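Written below as structure tokens is the structure these notes are about.
Proteins come first, then strands; the chains are lettered A, B, ... in the order of their sequence lines, and each starts at number 1. Here the structure is a predicted model, which means the values were calculated and not measured.
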Number of protein chains: 2
Amino acid sequence: MNTAVRQGDLSDLLRNRRSTRVYDPGHVLADEDLARLMRAAQWSPSAGNSQPWAFLVGRRGDETHRRFLPHLSAGNTSWVPHASAVLVSAHQAASGPEDDALTFSDYAMYDLGQSVAMLTVEAELLGLTVHQFAGFGHDAVAREFGVPPHWRVTTALAIGAYGDPRAADPVLAERDERPRVRKPMDDFVFAGSWGAGAGL
Amino acid sequence: MNTAVRQGDLSDLLRNRRSTRVYDPGHVLADEDLARLMRAAQWSPSAGNSQPWAFLVGRRGDETHRRFLPHLSAGNTSWVPHASAVLVSAHQAASGPEDDALTFSDYAMYDLGQSVAMLTVEAELLGLTVHQFAGFGHDAVAREFGVPPHWRVTTALAIGAYGDPRAADPVLAERDERPRVRKPMDDFVFAGSWGAGAGL
């Protein structure tokens, strides 16, 4: 496993991104910043411009946020509530009944992933950060908010400002300090045939 | 449909990105730039750090590129070959036979999408651009390059430098000039319940 990227080998924008568990519990996500994040998702590319994504937005203290929190899995209750906002992401999983329904795309889940990544990049540019998680009651959240059957609740996103590790729960701070690791490049970048490392 | 984002409402980085069909046919993708793009993919987040992505890389003129081109669908033969590189993306679609196989993740396709989006952002930062497409023989490409059954060929990525529309095929140049359109924000950003626009 690789444990670091040297400065200059990747943009600082992507090199410095991390999925933190330490948020600034006093940060409030402004309307304007939230709108920018959602525009980043909106202008993401998708198969045939199908735009098969949707988001439910709750900001700390509002009704959507309050109704989402009870569905968190136990492991996520210690950090998610401190983030400034939680978004529930969904992708279109089948054709819908509406006359104007988009044609279902086999790439809906892939395109939702892209859209969330673009939102994440915009967050970093704003000095904010995004930590995605799947540990919550997907079916219960779909019922709670009336998600129709041809849409699938997929992930949730904790969004906020990076917090001060010294002021955080030591268990969460320690997790944030662990080195980030990835597979070596030759394990997933191939040339000529599958499994033959490109030697980059 | 929205047809534009005003400057200042979204980072220039994401606002200026587009899926071009007009590449500079003389641009050569340097090893160092390719390595940066793949590091962007490598350091993308994924469910439980599963990293369920892989890429086959062909650069214009090399053997992998030459073997990929015959699998293009008819509509893509006019522009894809001009790009400096074509990457085939794949995601892990089931558990593998290897002892060290990653646990299969339900989020593999979503995470591959994220990884490609991060690569796309790095490309824009380098003055390059990425246009993804699905119009190629997926099964034939899997056979050609020996992709194992627990991996699924997903998309391909044309990567290169933006070209000069005046020097390009007028049909391709015209497509590049069409306005980009997206659904209005209230059609996919909800609060309180599904379908209730958040009013951003």
Under 4.5 Å from any heavy atom of chain B, what part of R67(A) do you find: side chain, backbone, both or neither? side chain
Answer yes or no: is there a side-chain heavy-atom contact under 4.5 Å between R36(A) and S11(B)? yes
Measure up the W53(B) and F188(A) rings against each other and bin them: parallel (under 30°), tilted (30 to 60°), perpendicular (over 60°). perpendicular
Minimum heavy-atom distance R17(A)-S44(B), with the two atoms named: NH2-C, 3.9 Å
Can a donor-acceptor pair be found, under 3.5 Å and without considering hydrogens, that links the side chain of R39(B) to the backbone of D9(A)? yes
Can you tell if the side chain of R15(B) reaches within under 4.5 Å of the side chain of W43(A), non-hydrogen atoms only? no
Measure D106(A) against the heavy atoms of chain B and call it side chain, backbone, both or neither at under 4.5 Å. backbone
If you take all heavy atoms of Y110(B) and S89(A), which pair is closest and at what distance? OH-OG, 4.3 Å
Is L10(A) in contact with chain B via its backbone, its side chain, both, or neither, using a 4.5 Å heavy-atom distance? both
Does any non-hydrogen side-chain atom of L13(B) lie less than 4.5 Å from one of L13(A)? yes
Turns out that what part of Q132(B) lies under 4.5 Å from chain A's heavy atoms comes down to side chain
Please name the pair of heavy atoms, one in M185(B) and one in M38(A), separated by the smallest distance, quoted to 0.1 Å. SD-CB, 3.6 Å
Close side-chain approach of V121(B) to M118(A), heavy-atom, < 4.5 Å: yes
Does any heavy atom of chain A fall under 4.5 Å from the side chain of A90(B), the backbone, both, or neither of them? side chain
Which atom pair, heavy atoms only, marks the closest approach of A40(A) to L14(B)? CB-CD1, 3.7 Å
Side chains of W151(A) and W194(B) in contact at under 4.5 Å (non-hydrogen atoms): yes
Could you tell me whether the side chain of R182(A) and the main chain of Q42(B) form a donor-acceptor pair under 3.5 Å? yes
Is Y107(A) close to T154(B) at the side-chain level, that is, under 4.5 Å between some pair of heavy atoms? yes
Between CD on residue Q51(B) and CG on residue D187(A), distance to nearest 0.5 Å: 9.0 Å
Rounded distance (nearest 0.5 Å) linking atom CE of M109(B) with atom CG of L112(A): 11.5 Å
Contact part of D111(A) toward chain B, heavy-atom cut-off under 4.5 Å: side chain, backbone, both or neither? neither
Portion of A47(A) that has a non-hydrogen atom of chain B nearer than 4.5 angstrom: neither
Where does L56(B) contact chain A at under 4.5 Å (heavy atoms): side chain, backbone, both or neither? both
